[in-house]
Structures are given as C-alpha cells and as structure tokens.
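Please read these numbers as outputs of a predicted model, since none were measured by experiment.
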Amino acid sequence: MVRADMAELAQTHIFSGDDAVVPFHVETLDARGRAVQLGPVLDGILGRHDYPEPVAKLVAETVVLAVILGTSLKFEGKFIMQTKSDGPVELLVADFRTPHAVRAYARYNAERLEEAMAEGRTSPQDLLGNGYLAMTVDQGEFMQRYQGIVELDGSSLEEVARAYFRQSEQIPTDVRLATAKLMERMENGEVKSSWRAGGLIVQFLPDSTERMRQRDLSGGDGDDGNGGHQEDDSWIEVKALTSTIQPAELVDPDVSVERLLYRLFHERGVHAYAPTRVFDECSCSEEKIRGVLAGFSAEEIRDSIEDGQIVVNCEFCSTNYVFSPSEFLKQDA
C-alpha cells in the first residue's frame, strides 16, 4: 500500500485535489480516518436538480458522508445512506457504488420548505425534523444486506453520524462536515456559482479493544466520568485536534486535504495513503428500466401510459427514458 509522510507531501506539493478520498493513519494515536474535498462531482449532482440552497446543503453533506464511508468497502457492492423524516425535507438518498461512483437526490415538500425559509428555519435540524437515518451495505443479490439505523432527533448530520458509530458500531468516531456555495465573477462580468463540500472521519482503533471503551451514555450532560468508563488519552487528544477544524478549511480549494491533515497531526506523525478518485455516475440504464417494465402486468403498463408513451424519470440523474407501450403489451398478450 502506498503511503507518504505529510512533510514529504508538503515539500513536493503532491496533493490529491478535489473528488479524491484520502485515507490516513496517525499511528502514535491509534487513529485512522478518511478525508475528502468534493468539487466538480458535487457540483454536477446538485446542478442537475436545482434544489433550493438549504436542500442542496443537506444533499451535499449526505454525499460527503456516503463517499467517505463507501470508499472504505473492500468488496464489490453498494453503500447507501438514506434519511426519512417528518420535516420539510422528507427524504435524502446517497449511494456509493464501488469502486468510485456516487449519486444522490432529495425529496422535499415545496410549500413547507418555503414556509420554513420565510421563517428563517433552515438548519438541518429544522429541515429534517424527526425520523431515522439508515446506512446499508449491499454486497449483491447473493449476500445478506447489513443495515444500521439511528434516530433523527433534531441533531445535525454530523451529530447523527457520531451517534450511529457510537451506538451501532461501538467505535469512538468523530465526524466533521462543511459545505459552501462559491461565487466567481467571470471575465464577461457574469457571476458563476459552484458547490463544494468537505468532510473528515477519524476513528480510534487501538489493538486493545478495552482501550476503545467510552463513557457510559446514561450519565447525561452532568456526568463527571466517575460512573462510566474514562476515555483513552489518545482519543481525547484526537478529538481535541479535530475540534480545531474550521468549516472553511474543509471546503477551501487552497487548503488541500493533505495540508489539513498535516496541520492537525504533524506533531504525531500522520501518514496518507493512495487516494480513491470519486466520479458522478448513475447506474440507471435503458436496459435496466426496460427489464423492470417487462415485469409489469398489462394493467400496470396501461396505467403508466401518458400521451401514448411511457416516460420513466431517474430521480438520481434526472434522465428521462421513453418507451412505446406496444413492446410491453405484446409480451403480456
């Protein structure tokens, strides 16, 4: 496996750039993680949908999380993140297909969203409301799916992700996310906007599982630690360092992932591994959709006809597929 010391990278100016997930390891602190800055990939996903800005930010955070976690899969398959809730943004979906493809979309109630925006209630907590976040690992049709679910209780996606790993995986984990809409004035005077997002996940993975034990969750905010397990000093240090990350650092194209990792951990000796490139790719196709329609009954086919055609829209990539009803009705005859 390729790895490089951050000091070497700083001297040679070899950086991964946008749309590349960088795994890293801080051996002296028993910490491992992944970090990414998304640029053109995210801009392409959001540009096809023209979401209102608060919705676009939520989609961006979901994509970052799916990419960071999906690129850790060591097998051919999918990692799917999905929220379902009672807020104005009813559904968020992002899936990562190994080794490098990501896609995403959102469903929202336009009337409720407009009302929330008018009242200034645009935080992730306001827009998502109560519900759940599901993380699904799909290894294919011949393998059992694994799914973990955590409650959406008015927290941000950052906080929900931390809660998921604490409850479902029991691995000390910290997550940092940031999004930004950049405005650039072109030579012709027009203003061009583009979306960026960044994220970092770091986990405490010592050889001794006993060292991974965290404080009991039942102590509440006033827990002084006497009634639960004390956190390991190394993990306390990791969290203190990641808490210094500013949102701007995660999205600034002039602050590469490698530069950020060096700033955070250089005193402890951080190593970066070969990055995984990420691409904006949808898995839909005319062949796949035709196969689905071929399984419809004649009645279902007739119910799907509009203006003499069957039009199927992919919610992920907004592509319309148009079919003649006759090819499916003949098969049913």
Side-chain angles (χ1 to χ4, degrees), residues 1-10 12-42 60-74 79 81 94 96 98-100 102 135 156-159 161-162 164-165 169 171-180 195-205 234-235 237-279:
M1 180 177 290
V2 177
R3 77 179 190 181
D5 184 88
M6 290 294 102
E8 296 173 1
L9 290 172
T12 58
H13 302 286
I14 300 174
F15 300 122
S16 58
D18 287 344
D19 305 330
V21 180
V22 178
F24 64 90
H25 181 203
V26 188
E27 188 173 358
T28 56
L29 295 176
D30 290 312
R32 292 183 178 273
R34 310 175 80 80
V36 69
Q37 283 189 341
L38 295 180
V41 161
L42 180 65
E61 289 190 355
T62 308
V63 170
V64 171
L65 273 173
V67 163
I68 288 177
L69 299 175
T71 50
S72 68
L73 298 181
K74 305 302 182 184
F79 176 80
M81 281 192 60
F96 180 89
T98 58
H100 56 229
V102 66
M135 297 189 187
S156 67
L157 284 179
E158 262 188 10
E159 294 166 334
R162 294 187 193 113
Y164 170 83
F165 282 100
E169 305 293 330
I171 299 174
T173 302
D174 198 12
V175 178
R176 301 287 162 173
L177 303 172
T179 65
W195 281 97
R196 293 184 64 79
L200 177 145
I201 183 171
V202 61
Q203 297 181 310
F204 184 51
L205 295 167
S234 292
W235 179 238
E237 182 175 344
V238 170
K239 289 199 300 180
L241 292 171
T242 57
S243 70
T244 67
I245 296 174
Q246 299 298 312
E249 292 180 292
L250 288 172
V251 297
D252 189 340
D254 294 326
V255 181
S256 67
V257 165
E258 289 84 357
R259 288 189 185 279
L260 176 59
L261 293 176
Y262 181 75
R263 181 185 76 73
L264 292 173
F265 302 115
H266 70 278
E267 292 184 356
R268 287 297 195 168
V270 57
H271 297 279
Y273 296 86
T276 298
R277 294 287 164 189
V278 180
F279 298 91

Checking [X] now: which residues fulfil side chain to side chain donor-acceptor pair (under 3.5 Å) with it, not counting sequence neighbours?
{"X": "R32", "value": "none"}
{"X": "T276", "value": "none"}
{"X": "R34", "value": "T71"}
{"X": "E237", "value": "R268"}

Nearest heavy atoms of [X] and [Y], plus distance in Å:
{"X": "A178", "Y": "P247", "answer": "CB-O, 3.4 Å"}
{"X": "T98", "Y": "G70", "answer": "CG2-O, 4.4 Å"}
{"X": "V202", "Y": "A31", "answer": "CG2-CB, 3.9 Å"}

Quick check: do [X] and [Y] have side-chain heavy atoms less than 4.5 Å from each other?
{"X": "T173", "Y": "I201", "result": "yes"}
{"X": "V67", "Y": "L65", "result": "no"}
{"X": "V238", "Y": "D174", "result": "no"}
{"X": "D30", "Y": "L205", "result": "no"}

Would you check if the side chain of [X] reaches a backbone N or O of [Y] as a donor-acceptor pair within less than 3.5 Å?
{"X": "R196", "Y": "V251", "value": "yes"}
{"X": "R162", "Y": "V175", "value": "yes"}
{"X": "T62", "Y": "A60", "value": "no"}
{"X": "Q37", "Y": "L250", "value": "yes"}

Name all residues meeting the side chain to side chain contact (heavy atoms under 4.5 Å, CB included) criterion together with P40; count only those two or more places apart in sequence or in a different chain, and write none if there are none.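 D18, D19.
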Counterpart residues, side chain to side chain contact (heavy atoms under 4.5 Å, CB included), relative to S234 (two or more places apart):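 Listed in chain order: L29, F204, R211, D232.
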Could you list all the salt bridge (charged side-chain N to carboxylate O under 4.0 Å, His left out) pairs where at least one residue sits in residues 248-257, not counting sequence neighbours?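 Qualifying pairs, neighbours excluded: E249-R263.
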In chain order, what residues pass the ring pair (Phe, Tyr, Trp, His ring centres under 6.0 Å) check against F265, with sequence neighbours excluded?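 Listed in chain order: F24.
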Partner set under ring pair (Phe, Tyr, Trp, His ring centres under 6.0 Å) for Y164, not counting sequence neighbours: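 For Y164, no residue satisfies ring pair (Phe, Tyr, Trp, His ring centres under 6.0 Å) once neighbours in sequence are set aside.
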Between [atom1] of [X] and [atom2] of [Y], what distance do you get to the nearest 0.5 Å?
{"X": "M135", "Y": "L69", "atom1": "CE", "atom2": "CG", "answer": "5.5 Å"}
{"X": "R176", "Y": "I68", "atom1": "CZ", "atom2": "CD1", "answer": "12.5 Å"}
{"X": "L157", "Y": "L177", "atom1": "CG", "atom2": "CG", "answer": "7.0 Å"}
{"X": "L200", "Y": "L261", "atom1": "CG", "atom2": "CG", "answer": "6.5 Å"}

Just by distance, with hydrogens left out, do E258 and S16 show a side-chain donor and acceptor under 3.5 Å apart?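 Looking only at side-chain atoms, S16 and E258 do form a donor-acceptor pair, the distance falling under 3.5 Å.
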Working note: S156 + E61, criterion side chain to side chain contact (heavy atoms under 4.5 Å, CB included); need CA distance, chi angles, decisive distance, verdict. CA-CA 10 Å; S156 67; E61 289 190 355; 5.8 Å; no
How are the rings of Y273 and H25 set relative to one another: parallel (under 30°), tilted (30 to 60°) or perpendicular (over 60°)?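 Parallel: the ring planes of Y273 and H25 meet at under 30°.
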List the steps, then state whether side chain to side chain contact (heavy atoms under 4.5 Å, CB included) holds for V278 with V21. CA-CA 7 Å; V278 180; V21 180; 3.9 Å; yes
Hey, mind stepping through V102 and V41 against side chain to side chain contact (heavy atoms under 4.5 Å, CB included) and telling me if it holds? CA-CA 9 Å; V102 66; V41 161; 3.8 Å; yes
